[in-house]
Participant: 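Mind having a look at this structure? Questions to follow.
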Amino acid sequence: MLPTKTDLAAIPRRDLPAINERNRFFWQSGEDGKLRFTHCNACGYYIHPSAPVCAKCRSRDVDPAVVSGRAEVATFTINRQAWQEGLELPFIVAVVEIEEQEALRLTTNIVNCGIEEVYIGMPVLVVFDHREDVWLPLFEPILKGERR
Amino acid sequence: MTKILERDAAITGVGMSAIGRRVNQPAIELVLDSITAAVEHAGLEIDDIDGLCTNPAVSETPGMAPVPLRDIKNGLGLKLNWFSSIQEGPSTMSSIMTAAMAVATGQARHVVCHRTAIQYSMIKQLKQDPLPDGSPARRWNNWQGWAYPFNALSPIHSHAMITKVRMHRHGLTREQLGAWVLNCRRNAQLNPTAMYREPMTMDDYLSTRIISDPLCMFDCDAPIDGSVSFIVSSLDAARGMKNPPLRIEAMSGAMYGKDSWDQFEDITSTPALDASAHLWDRTDLKPSDIDVANIYDGFSIQPIIWLEALGFCAPGEGGEFVASPDQISLEGKCPMNTGGGQLSGGRLHGFGLLRESCLQLWGDGDDRQVQGNPELALTSVGGGALAGCLILSRQ
């Protein structure tokens, strides 16, 4: 059973990425519910953080491409320090590895998940948290037997 | 073989300002104090200084880089043949390495490299002046832009996550991290300028509050105000100076993987792997030749990463290595973080560690002096996407 859904909007977030022409597509990708990374049309490598050139084959033929949104928890930590006023403790910070490519990772939060339940290797799925002009990619557990 | 040109460079003096949390001095005064002390320690005059270097030039981290080079140059009326403020580079050590290249190529004879921070004062000030409710979010570039939006508001989170995956893969334990922390605290008790000097037991360590699991308060260094300056001289100029020259035997800031805090291919490590491999490529020395080492410990996990990368122990065995009593203690095979490290000494961004290496080689370690007249010292600096290291050899 999926734990009670977190009210994402209630999580205080006082810090957001500075949006520029190179990263806008990434931070606003969640507007249609999909996660995108810059992808090399020549060799298929995902380039993150985004760049106008592929670090593997040096092709300039690169474009944002939709990925499945599935990932695995590569590592995590339970934060117990109130770095800012209003932060609700504890919460999970994680690095997830995106299904499409080894070492393609995001630092993120795992939500809709008890702090005792998260583990290295846990399958997770993207869920977006809309703040100002940014859709933050967070991740929630994919439960056993659940087809997503 | 490649000519190892950094061997034409040497550290000839070091100076430190007042450091700590009750310093209460503007940053420019701290820099002036440490430069004046370093020049005097080297037996030079201010007018002998013809080079100036620092890293980073500016920083989004409050208090991290408070003094531009021009304020120092204009303030002291320096006549500089060469100067450089390095923004991107392999840790704060990049100023020493770049200065070494400047003196080895004859661009300058005596370069001042300073590291100055007023992080404690700035954090205190920001706490008194929080963002008002309802105001738009702060916006961040660089690594902060990939971490802060997720309330991963401190470098502790990425280091806690490296620790977690190392516990999972290698069986690293909190007691092993604690062994490093306790070694630092024992050494700090012998160092009058260290920040934290009260005795600490393993029980104290294990029972203190967790900040971001598995790292606790004692796994983190503390922000302070302070400045440290070095004189980097050409080896020719260094001969006959007041102190025996500490020649750079080898140095490296290599980075082969992605310049990123979370995209480095090996999630258990950092560019320390690359800098360490390149360092040993530049010398016939081996880790077992090193007499004293000061290894970056902004967080207790960092020395584990560095010591494996540097080959002091096998990959995955860093925890066992630091927990074995005959290795890193003042009486051990290679005494480490002999001044208390950053964990007990205070956060001087690696310059406190390099200073301690120099003091040990000059025999100025007082009550904490490593026995046996050490000649070779290794210093490594950096965590996250930053890594630089060098070996000093007393002439």
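By convention in this document, chain letters (A, B, ...) are assigned in the order of the sequence lines, proteins followed by strands, and residues within each chain are numbered from 1. As the structure is a computational prediction, the values presented were derived from the model and not from experiment.
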Participant: Going through the checks in order, is the side chain to side chain contact (heavy atoms under 4.5 Å, CB included) test met by A:Val93 and B:Phe150?
Facilitator: CA-CA 7 Å; A:Val93 174; B:Phe150 305 97; 5.7 Å; no
Participant: Which side chain or backbone donor-acceptor pairs connect chain B with chain A at less than 3.5 Å?
Facilitator:
residue: B:Leu131; atom: O; partner: A:Arg14; partner atom: NH2; Å: 3.2
residue: B:Pro132; atom: O; partner: A:Arg14; partner atom: NH2; Å: 3.0
residue: B:Ala137; atom: N; partner: A:Glu132; partner atom: OE2; Å: 2.9
residue: B:Arg138; atom: N; partner: A:Arg14; partner atom: O; Å: 2.8
residue: B:Arg138; atom: O; partner: A:Leu16; partner atom: N; Å: 2.7
residue: B:Arg138; atom: NE; partner: A:Asp15; partner atom: OD1; Å: 3.0
residue: B:Arg139; atom: NH1; partner: A:Pro17; partner atom: O; Å: 3.0
residue: B:Arg139; atom: NH1; partner: A:Asp133; partner atom: OD1; Å: 3.1
residue: B:Arg139; atom: NH2; partner: A:Glu132; partner atom: OE1; Å: 2.9
residue: B:Arg139; atom: NH2; partner: A:Asp133; partner atom: OD1; Å: 2.9
residue: B:Trp140; atom: N; partner: A:Leu16; partner atom: O; Å: 2.9
residue: B:Trp140; atom: O; partner: A:Ala18; partner atom: N; Å: 2.8
residue: B:Trp140; atom: NE1; partner: A:Asp15; partner atom: OD1; Å: 2.7
residue: B:Pro149; atom: O; partner: A:Arg13; partner atom: NH1; Å: 2.9
residue: B:Phe150; atom: O; partner: A:Asn109; partner atom: ND2; Å: 2.9
residue: B:Asn151; atom: ND2; partner: A:Pro12; partner atom: O; Å: 2.9
residue: B:His157; atom: NE2; partner: A:Asn79; partner atom: OD1; Å: 2.9
residue: B:Met161; atom: O; partner: A:Thr75; partner atom: OG1; Å: 2.6
residue: B:Arg209; atom: NH1; partner: A:Gln81; partner atom: OE1; Å: 2.7
residue: B:Ile211; atom: O; partner: A:Arg80; partner atom: N; Å: 2.8
residue: B:Ile211; atom: O; partner: A:Gln81; partner atom: N; Å: 3.4
residue: B:Ser212; atom: OG; partner: A:Thr77; partner atom: OG1; Å: 2.7
residue: B:Asp213; atom: N; partner: A:Thr77; partner atom: OG1; Å: 3.2
residue: B:Asp213; atom: N; partner: A:Ile78; partner atom: O; Å: 3.0
residue: B:Asp213; atom: O; partner: A:Thr77; partner atom: OG1; Å: 2.6
residue: B:Asp213; atom: OD1; partner: A:Thr77; partner atom: OG1; Å: 3.4
residue: B:Asp213; atom: OD1; partner: A:Ile78; partner atom: N; Å: 2.6
residue: B:Lys258; atom: NZ; partner: A:His48; partner atom: O; Å: 2.8
residue: B:Asp262; atom: O; partner: A:Arg105; partner atom: NH1; Å: 2.9
residue: B:Asp262; atom: OD2; partner: A:Thr107; partner atom: N; Å: 3.4
residue: B:Asp262; atom: OD2; partner: A:Thr107; partner atom: OG1; Å: 2.6
residue: B:Gln263; atom: OE1; partner: A:Arg105; partner atom: N; Å: 3.3
residue: B:Gln263; atom: NE2; partner: A:Arg105; partner atom: O; Å: 2.5
residue: B:Phe264; atom: O; partner: A:Arg105; partner atom: NH1; Å: 2.8
residue: B:Phe264; atom: O; partner: A:Arg105; partner atom: NH2; Å: 3.2
residue: B:Glu265; atom: O; partner: A:Arg105; partner atom: NH2; Å: 2.8

Participant: Looking at chain A, which one of B:Ile211, B:Leu153, B:Leu215 has the largest number of heavy-atom pairs inside 4.5 Å, strictly under?
Facilitator: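 Among the listed options, the one with the most contacts to chain A is B:Ile211.
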Participant: Of the listed residues (A:Ala74, A:Pro49, A:Ala18, A:Pro90), which shares the most heavy-atom pairs with chain B below a 4.5 Å separation?
Facilitator: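 Among A:Ala74, A:Pro49, A:Ala18, A:Pro90, the one with the most close pairs to chain B is A:Ala18.
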Participant: Let me know if A:Leu87 has heavy atoms under 4.5 Å from chain B in its side chain, its backbone, both or neither.
Facilitator: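 For A:Leu87, the contact with chain B is made by the side chain alone.
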Participant: Does any backbone or side-chain atom of A:Leu89 lie under 4.5 Å from a heavy atom of chain B? Answer side chain, backbone, both or neither.
Facilitator: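 For A:Leu89, neither part sits under 4.5 Å from chain B.
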Participant: Please flag which part of A:Pro12 lies under 4.5 Å from any non-hydrogen atom of chain B: side chain, backbone, both or neither.
Facilitator: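 Answer is backbone: N, CA, C or O of A:Pro12 sit under 4.5 Å from chain B.
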Participant: If you look at every heavy atom in B:Gly145 and A:Pro17, which pair is closest and at what distance?
Facilitator: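 What the structure gives for the nearest pair is O-CB, 3.7 Å.
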Participant: Which residues pass the side-chain contact (heavy atoms from CB on, under 4.5 Å) test with B:Pro90, sequence neighbours left out?
Facilitator: B:Ser94, B:Met97
